[in-house]
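Contents: one structure, followed by commentary.
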Amino acid sequence: MDSRRCKCQWCGMKIAAPIGAQTITCPRCQSVTQLQPARNYGFANFPTANNNMSPGFPAFPSRPGRMSPNVNNFQPQQFNPMSPQINNIRPPAVHGRKRAVLCGITYRGHPKSLKGSINDVLSMRYFLVEKLGFPNASVVVLTEDEKDSYKYPTKANIRSALRWLVQGCQPGDSLVFHYSGHGTRVRDHDGDEIDGHDESLCPVDFETEGRILDDEINNTIVRPLPRGATLHGIIDTCFSGTFLDLPFLCRINRAGYFMWEDHRIRSYKGTNGGIAISISACDDHQNSGDTTAFTGFPTGALTYSFIQTLEQETKLTYGHLLMSMQKKIQEAQKGIGLNGENETQEPQLSSSEQFDIHSRMVAI
């Protein structure tokens, strides 16, 4: 039978697909890849907001926040930085006016693995580079598919990438940190959280090396931000309302009325004069989800609705962005019959300063 070579979009395995086949199942990870000629890893070929979503699409499976240590004797995927197939190099020294760190983790082999995280990161990279003018060399991507040792999303590598993001930051710089993976809540031990819990990021090796707390993320990429520089965090994970530990959290209702909550208790959580904005998937007590409702293959609801809104709408403010994203997510949930079955996922906005969200949008 005639066949053509293709590549699994999840694990990268090369597969021989029959000529004319529209999908192929990967023998390694069992994921289904849709075969399309000359496909881009972006949103250029995705269905638009006007496409009807089939009620048969799967629901939003939540990304469980608490991943129990050693579930079913899970061992994190082994990574050998000395492998001859790995280019052991350091993060690029490029420091342009625009730069980004994009981290997507699927936790392959874990009972609570994710399918949409790498998809999210590839789509975000396409959007930043092709639509917003970020230089390729100034975008660091960390996923389990990367071959360079520093790009594998271990705790040490994520820490290194976050330090790189703000190193040498100057007025006029625009920085982006995008994360798609598991998040958890842990008890706060230093008394700086209103709800008594820190939010945390789960690296691929979290079961052996531990999580990265929001306190550390704030200290690394928020506190050093100088006047005139801007940081946007796009956080697609559970329990993520205050993921960057910023001092102010915005509450907005469906009519657009908003108020800021002050989350400062004991310590300073702001910047060194710059502006830090976090747009996250849900509140600190909520779950977020992967879904096939938007495109037919797994994506994070936050990542997809964020990019679609910025691509489709002009003269945006943060208030309009939040309301538009919320509408897209709610329509998707209704279209797949989720109304009343799961808690609605509500995107959140937090900031290093208070402002009128209906009259402002800082360029990314």
Side-chain angles (χ1 to χ4, degrees), residues 40-53 60 98 100 102 104 116-117 119-134 174 176-180 230-237 240-241 243-244 250-258 275 277-283 286 288-336 344-351 355-364:
N40 290 322
Y41 283 113
F43 286 84
N45 298 323
F46 286 2
T48 66
N50 295 325
N51 290 128
N52 294 323
M53 291 176 292
F60 283 44
K98 294 186 174 187
L102 316 179
S117 300
N119 229 21
D120 290 342
V121 163
L122 295 177
S123 298
M124 185 63 73
R125 179 175 63 182
Y126 176 87
F127 176 67
L128 293 178
V129 172
E130 299 298 329
K131 304 297 183 180
L132 298 186
F134 278 64
S174 177
V176 171
F177 171 49
H178 174 231
Y179 174 68
S180 179
T230 303
L231 166 71
H232 282 91
I234 316 300
I235 311 300
D236 204 343
T237 186
S240 54
F243 200 82
L244 297 192
C250 184
R251 298 297 188 186
I252 181 172
N253 64 18
R254 294 182 181 181
Y257 293 102
F258 72 94
I275 300 172
I277 301 288
S278 175
I279 299 168
S280 55
C282 58
D283 208 343
Q286 293 178 327
S288 65
D290 283 332
T291 179
T292 58
F294 291 114
T295 65
F297 56 89
T299 61
L302 182 279
T303 300
Y304 182 86
S305 62
F306 173 80
I307 296 177
Q308 283 286 287
T309 301
L310 287 179
E311 282 194 332
Q312 295 173 355
E313 303 184 30
T314 59
K315 298 182 179 180
L316 275 174
T317 63
Y318 286 110
H320 185 70
L321 173 64
L322 276 183
M323 296 177 71
S324 180
M325 291 168 58
Q326 181 65 49
K327 182 179 179 181
K328 285 179 170 62
I329 293 174
Q330 288 178 344
E331 288 176 348
Q333 289 181 310
K334 290 179 182 178
I336 56 180
T344 300
Q345 181 178 328
E346 300 173 345
Q348 302 291 309
L349 173 72
S350 59
S351 173
F355 58 89
D356 181 359
I357 65 172
H358 293 302
S359 63
R360 184 177 181 182
M361 180 79 179
V362 180
I364 299 176

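Note that the structure is predicted; figures quoted are calculated from it, not measured.
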From [X] atom [atom1] to [Y] atom [atom2], the distance as rounded to the nearest 0.5 Å:
| X | Y | atom1 | atom2 | value |
| --- | --- | --- | --- | --- |
| Ile307 | Lys131 | CD1 | NZ | 11.0 Å |
| Arg360 | Thr317 | CZ | OG1 | 12.0 Å |
| Tyr304 | Met325 | OH | CE | 13.0 Å |
| Leu302 | Gln348 | CG | CD | 10.0 Å |
| Ser350 | Ile279 | OG | CD1 | 9.0 Å |
| Tyr179 | Thr237 | OH | OG1 | 5.0 Å |

What closest approach, in Å, do [X] and [Y] show between heavy atoms, and which atom pair accounts for it?
| X | Y | result |
| --- | --- | --- |
| His178 | Thr303 | NE2-OG1, 3.1 Å |
| Ala301 | Asp236 | N-OD2, 4.1 Å |
| Leu102 | Met124 | CD2-CG, 4.0 Å |
| Leu316 | Leu310 | CD1-CD2, 3.4 Å |
| Ser174 | Phe134 | O-CE2, 4.0 Å |

Item checked: side-chain contact (heavy atoms from CB on, under 4.5 Å) between Thr299 and Asp120, worked out -> CA-CA 6 Å; Thr299 61; Asp120 290 342; 3.8 Å; yes
Item checked: Audit row: Phe306, Leu321, side-chain contact (heavy atoms from CB on, under 4.5 Å) steps and yes/no -> CA-CA 8 Å; Phe306 173 80; Leu321 173 64; 4.0 Å; yes
Note to self: Is any side-chain heavy atom of Phe258 closer than 4.5 Å to one of Leu322?
What the structure shows: no
Checklist line | Check: Met323 and Ile357 side chains under 4.5 Å, non-hydrogen atoms | finding: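 No, side chains not in contact.
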Check: For His320, which residues count as a side-chain hydrogen bond (donor to acceptor under 3.5 Å, both in side chains) partner, sequence neighbours excluded?
Finding: Glu313
Check: What residues form a side-chain hydrogen bond (donor to acceptor under 3.5 Å, both in side chains) with Asn253, not counting sequence neighbours?
Finding: none
Notebook entry, point to check: So which of Lys327, Gln326, Lys328 actually passes side-chain hydrogen bond (donor to acceptor under 3.5 Å, both in side chains) with Ser324?
Noted result: Lys328
Checklist line | Reference residue His232; test side-chain contact (heavy atoms from CB on, under 4.5 Å); the match among Ile364, Ile275, Leu244 | finding: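 With His232 as partner, Ile364, Ile275, Leu244 yield a single side-chain contact (heavy atoms from CB on, under 4.5 Å), made by Ile364.
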Notebook entry, point to check: What residue among Asp356, Ile252, Ile277 forms side-chain contact (heavy atoms from CB on, under 4.5 Å) with Tyr318?
Noted result: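 With Tyr318 as partner, Asp356, Ile252, Ile277 yield a single side-chain contact (heavy atoms from CB on, under 4.5 Å), made by Ile277.
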